[in-house]
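Notes for the one structure printed next.
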Amino acid sequence: MPSNAEAAELFRSIADLLDVMGERFKPEAYRRAARSIDSLTEDLATVAARGELRSVPGVGGAIEEKVREYLSTGRIHYLDRLQKEVPPGVAELLRIPGLGPKTARRFWVDLGLEGPTEVLAAIDAGRLTGVKGFGEKKIAQIRNAVEAARGTGAATRLPIETAFPIAHRIVRALREGADADRVEVAGSFRRGRETVGDLDVLVTSRDPSRAFEVFSALPEVREVRLRGSTKETVVLTNGLQVDLRVVEPESFGAALQYFTGSKDHNVLVRTLAKEAGLRVNEYGVYRGEERIAGATEEDVYAALGLAWIPPELREARGEMEAARTGPLPPLVDEPSLRGDLHVHLDSGADAGTVERLLTEARRRRYAYLGVVAAGVDAGGQPIRVAESALERLVTVSTAKLRVYRWTEVDPAEDAAALLPSGPDGFVLRPSARHRAPPVEARPPGIVILVAHLGVSDPSATPVAREWLHYAARRGAAVEVGPGPERLDSTWARSAREQGVRLVLPTGLLAIQDDPTRPVALAWARRAGAIPNDVVNAGPFRAS
DNA sequence: GCCGTTTTCGGCCCGACTGTTTTCAGTCG
């Protein structure tokens, strides 16, 4: 069965092969189309059926045709042809860090080396020694890279929730130890993408060498890969690459804008600047030699006639056009969260747990809590609830902090449980077993959240789509956030497009550096959600 | 191969770092 992910992968393969063939601009065109296809919220087949493939950014006539061919036959002839011309090992060379298309092509065309194994053999045989462009260091570097790539395979991206505590430890260390005034993690981390390939850390510091020292000395650092006067690259023990850049305060906004990306967004920014006779780089916005902006991101965007664009929206999906006409609608943010509607008090919860929960809820000025007080878990077993903790929580329910009781149900197993019997609402826990939601089971006037909707397994996708439709018809909300059982930003965007409201977990009982709340917020923001789109970002009343 | 509120043709972001170079090419982000 065709999938968007597979189509994108095929176009990336085409791009790699064209790279090796020495094409200049086509590879980037295919990659851009692949990125667009990856971020679609609909199936390509659906878009194709409406005849709207050309409206996907980066898809023109030639790629549209290839998409149609893929959808009807599962293959792309053009790719088959390229694969016959380029040996598979040559494309493999491209994926080795430090080896690019030029080197891969030289190995293949000039030296007849058709893959990593042959390259290693050639190095061992001394065949590269004395070849123009290959000095001693370069050869050693290639050998190391090829050998390292053998063990690990393709570079993997880390889930943002895994990178989150690491990023925060780095930021703290730099703030405290390096005399750094401003410290920000830019890149896809700042855009709140689901996964990050590396971390880009920007600092301003009166003492750059001190910043590099502190950075290199972090306990997680496995090796320092390169160090210049403004930039240092290290690799952590878990394989994550982290770049630290020291920038001048008057350029901080420009650098932050530049390194936050995305690539496609920045291309649009630079193109717009060019049209206005300006130049943008990581140091600022320039008219001729004169810097007219750079200290803050707001200045940079303003100099181009744009409203500031939240990082989560910088994906070249129409945000530039929106920012031209005025300020963007304020996205949901931390202060707009007014409560948590999906709290679990597991069997270990005690009076201390309740106190921590209440203290944190009051500190954040939350107005309500929805606590799961009964129900069944994914295995159909009754959920174990700490009764005394629950009682304690319900008794402190006041007008200022209202506590609601929820029943969590697996709707297929227990449709009868959906009849009203005291609780204030239901948390649905759809299991992968049902092909369709229980359309008629929802009693009127009862609040429903669709949570625990696992979509990490691609085979669950059709089920999840049905649940979104269900939510759209029934006015239910869906839970967005990190973890295998919540929806990511692409799903959140899909939900919004169908008029489905979101509910965000807030990590009330979380420990330091917990990613739950910030990541859930980032994903809702990537979906363009304003407070009105989020159930727990406003007043709430169970009916 | 894509794209257009200066373009349907002629562009396509731009600077740091590294290594191998007598002034630059390749890679990366």
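Since the model is a prediction, treat every value here as computed from it, not as a measurement.
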Worksheet item: Counting any heavy atom closer than 4.0 Å, what does A/Pro101 reach on the DNA or RNA strands: base, sugar-phosphate only, or nothing?
Response: sugar-phosphate
Discussion item. By the 4.0 Å heavy-atom rule, please label A/Thr103 as base, sugar-phosphate, or nothing.
Written reply: sugar-phosphate
Discussion item. Whether the A/Ser251 and A/Arg291 side chains hold a donor-acceptor pair (N or O, under 3.5 Å, no angle test) is what I'd like checked.
Written reply: yes
Worksheet item: side-chain hydrogen bond (donor to acceptor under 3.5 Å, both in side chains) with A/Arg31: which residues, sequence neighbours excluded?
Response: A/Asp16, A/Asp19
Discussion item. With salt bridge (Lys or Arg N to Asp or Glu O under 4.0 Å) as the rule and sequence neighbours excluded, what pairs involving residues 107-120 of chain A come up?
Written reply: A/Arg106-A/Asp110
Item to complete: Keeping to residues at least two apart or across chains, list the salt bridge (Lys or Arg N to Asp or Glu O under 4.0 Å) pairs with something in residues 121-136 of chain A.
Response: A/Asp124-A/Arg143
Discussion item. Checking A/Asp43 now: which residues fulfil side chain to side chain contact (heavy atoms under 4.5 Å, CB included) with it, not counting sequence neighbours?
Written reply: A/Asn4, A/Thr46, A/Arg465
Response to the item:
A/Ala91 meets the side chain to side chain contact (heavy atoms under 4.5 Å, CB included) criterion, sequence neighbours left out, with A/Leu17
In a table with atom names and distances, give each donor-acceptor pair under 3.5 Å that connects a side chain of residues 253-269 of chain A to protein atoms at least two apart or in another chain.
residue  : atom : partner  : partner atom : Å
A/Gln257 : NE2  : A/Asn266 : OD1          : 3.0
A/Gln257 : NE2  : A/Tyr301 : OH           : 3.2
A/Thr260 : OG1  : A/Arg190 : NH1          : 2.8
A/Thr260 : OG1  : A/Leu256 : O            : 2.5
A/Ser262 : OG   : A/His265 : N            : 3.3
A/Ser262 : OG   : A/Arg314 : O            : 3.0
A/Asp264 : OD1  : A/Arg35  : NH2          : 2.7
A/Asp264 : OD2  : A/Arg35  : NE           : 3.1
A/His265 : ND1  : A/Glu319 : OE2          : 2.8
A/His265 : NE2  : A/Tyr301 : OH           : 2.8
A/Asn266 : ND2  : A/Tyr258 : O            : 2.8

Donor-acceptor pairs under 3.5 Å, side chain of residues 81-89 of chain A to any protein atom, not counting sequence neighbours: which ones?
none

Worksheet item: Using a cut-off of 4.0 Å between protein heavy atoms and nucleotide atoms, how would you tag nucleotides 17-25 of chain B 5' to 3' with B, S and -?
Response: SSSSS----
Discussion item. Between B/dT27 and B/dT20, how far apart are the two C1' atoms, rounded to whole Å?
Written reply: 14 Å
Worksheet item: Mind checking the C1' distance from B/dC12 to B/dT7? Whole angstroms is fine.
Response: 13 Å
Fill in: All ring-ring contact (aromatic ring centres under 6.0 Å, His included) counterparts of A/His168, not counting sequence neighbours
A/Phe164
Response to the item:
Partner of B/dT8 under the Watson-Crick or G-U wobble criteria, both distances under 3.5 Å, comes out as none
Worksheet entry | ring pair (Phe, Tyr, Trp, His ring centres under 6.0 Å) contacts touching residues 95-135 of chain A (sequence neighbours left out) | A/Phe107-A/Phe134
Under 3.5 Å, which protein N or O atoms sit close to an N or O of nucleotides 11-15 of chain B? Give each pair with its distance.
residue : atom : partner  : partner atom : Å
B/dC12  : OP1  : A/Lys274 : NZ           : 2.4
B/dC13  : N4   : A/Lys263 : NZ           : 3.1
B/dC14  : O2   : A/Tyr258 : OH           : 3.1
B/dG15  : OP1  : A/Arg279 : NH1          : 3.3
B/dG15  : OP1  : A/Asn281 : ND2          : 3.2

Fill in: Of residues 52-61 of chain A, the positions that come close to DNA chain B - non-hydrogen atoms, cut-off under 4.0 Å
A/Pro57, A/Gly58, A/Val59, A/Gly60, A/Gly61
Discussion item. Given the ring of A/Tyr78, does A/Lys66 sit roughly above its face, with NZ or CZ under 6.0 Å from the centre of the six-membered ring and within 45° of the axis?
Written reply: yes
